[in-house]
Amino acid sequence: MNSIRIRQTFLNFFESRQHFIDKSAPMVVKNDPTLMFTNAGMNQFKDIFLDNLPAKNLRVANSQKCLRVSGKHNDLDEVGHDTYHHTMFEMLGNWSFGDYFKKEAIQWAWELLTEVYGIDKESLYVTVFGGDKLDNLEPDEEAREFWKQYVPEERILYGSKKDNFWEMGETGPCGPCSEIHVDIRDAEEKLKTPGRDLVNMDHPLVIEIWNLVFIQFNRLSDQSLHPLKAKHVDTGMGFERLCMVLQGKQSNYDTDVFQPYIKRLCELTGKTYGKDTDTDIAMRVISDHVRAVAFAIADGELPSNNKAGYVIRRILRRAVRYGYTFLNFREPFVFELVPVMVSGMGDYFPELPAQKDLIMRVINEEEATFLKTLSTGIQKFESYITTLGDKKTVDGKFAFELFDTYGFPVDLTQLMAREKGKDVDMKGFEEGMKVQKERSRAAATVDTQDWIELSKGSSDTVFLGYETLVAEVKPLKYRKVTSKGKTMYQLVLDKTPFYAESGGQIGDRGILEAEGIKLHILDTQKENNLSIHVLDKVPEKWPAVLTAKVDEQKRRLTENNHSATHLLHSALRKVLGDHVQQKGSLVDEKRLRFDFSHFAKLTREEIRKIEELVNQRIRDNIQQKEHREMSMEEAVEMGAIALFGEKYGDKVRVISFDQEYSTELCGGTHVHATGQIGLFRIVSEGAIAAGIRRIEAITGKLAEEYINEKADTLDHARELLKNPKDVIKGIEQLLQENDKLRKQIQQLQKAQAGNMIEDLKQGIRNVNGMNFLAMKLEADTQTAKDLAFEMKKQVSDLFLVLGHHAEGKPGITIMISENLVQKKQLHAGNIIRELAREIQGGGGGQPHFATAGGKNPDGLDKALARAEGYLK
RNA sequence: GGGGAAUUAGCUCAGUUGGCUAGAGCGUUUGGCUGGCAGCCAAGAGGUCAUCGGUUCGAGCCCGAUAUUCUCCA
């Protein structure tokens, strides 16, 4: 069975059991401070488990793209070395939200695996939770009883809390789980060691393929467990592993999911897979990593230097590094695997074919940058090695510096050191790493306390802010959050006029008022789907009802910019073409920022055209049309464009300004008619990554001020030039003239210096075979320097001491011909230190030339007189 | 969010305890030589040493702030 059919079979099976087949949520998570990437199929249903939102469907199944790069399940450093761990993988899952529970979950799992997929029953083992004293939990006999209907008892094992009690995080929903393991060793091996002894022992061929989680508790921050009202089922089956089992392979990488990448890599390198351990590992690493990186980019997460973008960068770099070291790649190559991926997964994940070019460009450029980083690192390393001499050990501190500052992987440092017959002090390296980690951790600790409930009600806060900015609201719950000594409070209301930051539009500010109480809302944010109002303090006693008032001015200015963003988006598509896709957006009261895919710098004409188009629409004063509860199908029919990497519900909101011109899916707030925006002006355009450009623009009064300022500058310039017809030409003439004059001055100065040189020459006396001159003149240091160098050219055996002063500041310059320096063991720097005392200053220089400055011009004569003393 | 670093000619980079008239290679312009392929020789142009402030007689170099970029950790 090929992988495409395996996936489809899973979905069909649950669809026929009344499950709603959901799409995969984006792999990159937004609006959740605890999570950067979807790391399990359940992530997108978190709010349902937390009871923040009601479930729309009680039964759901899907295949979810996931990314795991750290934590107990996975460590990036391990991927590729074994044959069954991945960064990016698909998780097949079925869910019950307060609907069916253990009985059906177990029955169906068994049925699907054995009857539909036809896995040999004899090779399956199941585990159930064996209880835990600390948490005062009994073994999960309930699950065991159900399993006994299908599986002989000797293949049902009790598991520890570590393996068989699932928790979402430090706090939150949790419960016992039941895993299905499969033993795919050959018959001979099975005879030698029974499979049951190898379950959960990290054996590569006795592996967990499906985890059925029975969520029935909520854990509070004091570690206590409380039963949930509604019990849920959450299951996850690793797609790649399932393919391995069904295709009779012993490595995930031997399935049709990964083989095409490996084949392509063999083509690119001329190497063969399966002959050399290092080559094999490298090929596995690269095949795995390209999938993670490509999906992230498709979801709009570009490689960058922090947060999620940094994780992506690291994954890609790891792939490049393995290719560099073990496959001898010196040019970008990972991007070449993207077409392989598109043809393998493009049908189920349409974001891949739609953005193939962009994904390839971004990866290619990122690879090129890293290869450059590697080459500067190698340079640093080489020059360090030459300072080592006979020492056998590369300093751990240096290895860490190379890694920390220049991004040079430490294992590469080790490799290169070995080639030079040296080793790396890894202890020192680890030490540096430890210090760095501790520092970061200390800076990032956040203490989040439990919610304190004020009154009952759904946390699915009703948003009133489309219609009103003032409302009577009920506080539902709040909690204290401390980070870096700063304490903030997060508050949830039953309904609110405050817009919570999302879709690029920043959160509202404002106040909450009641009898004798005035609270400042500093920001409004979204955590998953929860609207959180951020306060700096809370009252001792909460009133049942408060008046919420949004800061109107800030909101209106923000709306200007948000609506302008929509107009800009369509203008870009009109002027540049339909390949323009939104890749990011930020809207606040001051400006708007819009990132989009496009492959060339915008010309001045294009920018003007875009501005004109937007301003035209503003003058048309188009009424805003809002469709609040539209189905996705209707919205698409209207011409609305859905963004990749965004998660939409089944009902969407559509905002249009002239349906033909601008129609977008959007939850943000907007002007009623475009005329309100007043004026639109692009202030900057540039690249932020390969194939992605960023425009920043301003609107309304700020745009007006911006233009006025420019006009004023021009007027001013015009006035300064005495109002010429053509200002540019006037300036050009001025510059030309300036250039000409400067050259003339240079020539004059040269001539003058020539004269002065003649004068100076007149004063030369021959003392002890030296052409000695000590003279005072009115000149600055620079002129004196010039004279000194000129004299050196013209006069041999020179010993020149110039005392000079300009604007009250005295200085001394000494020039001695090289041959005198040699012959008489003179040192201008040392001499000048002595002489400078006379003018209350200091100085120094090389043996043949030195300068000094000072404070007392009256001392110059004395200094010059003393100079003669050095003529021995 | 917290550390480390970088910013010098169009490009890639040197620049040693503060004492340079700030250099190199590539590129570029001009001239000469040369039958070729990134040819050779010579001369020249090209710098606000990121920005602002400070220390100092003197700052590309030391200190502080800002900006941008790189990098590691979370």
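The chains referred to below are lettered A, B, ... by the order of the sequence lines, with proteins before strands, and numbering in each begins at 1. Only this structure's heavy atoms are used, side chains among them; waters, hydrogens and symmetry mates stay out.
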My understanding is that a pair needs two contacts under 3.5 Å, Watson-Crick or G-U wobble. By that rule, which nucleotide pairs with [N]?
N	value
B:G1	B:C73
B:U56	none
B:U16	none
B:U68	B:A6
B:G25	B:C11
B:C33	B:G39

Residues A:Lys397, A:Glu431: salt bridge by 4.0 Å N-O rule: no
Between A:Asp861 and A:Lys776, does at least one N-O distance fall below 4.0 Å, as a salt bridge requires? yes
How would you label the contact of [X] with the nucleic acid (heavy atoms, under 4.0 Å): base, sugar-phosphate, or nothing?
X	result
A:Arg837	nothing
A:Gly829	nothing
A:Ala852	base
A:Arg833	nothing
A:Gly853	base

Within less than 4.0 Å of OP1 or OP2 of B:C73, is there a side-chain N or O belonging to A:Tyr310? yes
Just to confirm, is there a sub-4.0 Å distance from OP1 or OP2 of B:U71 to any side-chain nitrogen or oxygen of A:Arg313? yes
If the plane angle is over 60° it's perpendicular, under 30° parallel, otherwise tilted; pick one for A:Tyr384 and A:Phe398. parallel
Mutual orientation of the aromatic rings belonging to A:Phe594 and A:Phe596 [parallel < 30°, tilted 30-60°, perpendicular > 60°]: parallel
Nearest-Å distance once atom C1' is located in both B:G4 and B:G44: 43 Å
Can you measure A:Lys437 atom NZ to B:A74 atom P for me and round it to whole angstrom units? 5 Å
